[in-house]
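Encoded as C-alpha cells, the structure appears first; notes follow it.
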Amino acid sequence: MERDGLRFRSGRMCLDLTATVVGRYRADKTDQLADSDDLIRWLRAVGLPHPRGRVTDDTVAQARELREAVYRLVHPTLRHTVDPEDVAVVNTWAALPDVAPQLAGDARSSYQLAARRPVEAALSALARDAVLLLAGGILAGVRECARADCSVMFLDTSRPGQRRWCDMAACGNQAKARRHRAQLR
Ligand SMILES: [Zn+2]
C-alpha cells in the first residue's frame with residue numbers, strides 16, 4: 001500500500017520504517033527521512049504521533065539511527081551477527097513512554113492520547129514493534145522482496161509461507177512480465 005508517496009507494504013511498522021530507504025542497493029537510492037518535513041510526513045502517514053512544528057536535525061538523525069539498527073537486526077542475511085549497539089538503540093527507545101490508547105465515551109472506539117513528546121512516543125512505538133518482531137518467534141517470516149533491486153522487507157503471514165514480493169502490483173507483476181518477455185525471445 002502507498003500513502004502520500006510512501007510505502008507501507010510490510011505488515012509491520014518497524015519494517016515500513018526500514019523501507020524509507022528506497023532502492024537500498026542502487027547507486028541512486030533515496031532517503032525518505034532526509035529532513036524534518038520528511039520525518040513528520042512519514043509519522044503522519046503511518047498513523048503515529050507527530051509534532052506540529054519542526055523537529056531538530058538531531059531528532060531526524062536519531063530516527064534514521066533507529067531505522068538502520070532495526071534494518072541490521074531484522075535483515076535475513078545480516079541478523080545472524082548481532083551488534084550490541086543496535087540492541088542498545090532499540091532498547092533505549094523502547095524504554096520511553098509509548099503512545100497511550102484511550103477508549104472513547106462510547107467504549108466501542110478509541111483514540112491515541114496526544115503524546116507530550118510526540119516524536120519520542122512514535123520512536124518508542126516503532127522500537128517496541130521491533131522488539132515484538134525480533135523476540136516474538138516470527139522473525140523467520142521476515143523476508144526481503146525477491147525483486148533484485150527492491151530491498152523492501154515484509155513479514156510473510158500467508159498460510160503456505162511462500163510470499164515472495166513486497167507488493168504484487170509493484171514488484172511481482174514486473175518480475176513476471178520480465179520472465180514472460182525472456183521466454184518470448
Ligand atoms: Zn518489492
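Reckoned from all heavy atoms, side chains included, excluding hydrogens, waters and symmetry mates. Counting starts at 1 for both ligands and their atoms, in listed order.
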Sorted by chain and residue number, which protein N/O/S atoms are under 2.8 Å from the Zn ion (ligand 1)? Cys145 SG, Cys150 SG, Cys166 SG, Cys171 SG

Honestly, is Arg143 close enough over Phe154, meaning NZ or CZ under 6.0 Å from the six-membered ring centre and within 45° of the axis? no

Electrostatic pair Arg79-Glu144, nearest N-O below 4.0 angstrom: no

Without hydrogens or angle criteria, can the side chains of Asp98 and Ser124 be said to hold a donor-acceptor pair below 3.5 Å? no

Determine whether Leu6 and Met13 fall in the same hydrophobic cluster, where Ile, Leu, Val, Met, Phe, Trp and Tyr are linked whenever their side-chain heavy atoms lie under 4.5 Å apart. yes

Under 4.0 Å between a Lys/Arg side-chain N and an Asp/Glu carboxylate O for Asp28 and Arg26? yes

What residues form a side chain to side chain contact (heavy atoms under 4.5 Å, CB included) with Ser158, not counting sequence neighbours? Asp156, Pro160, Arg163

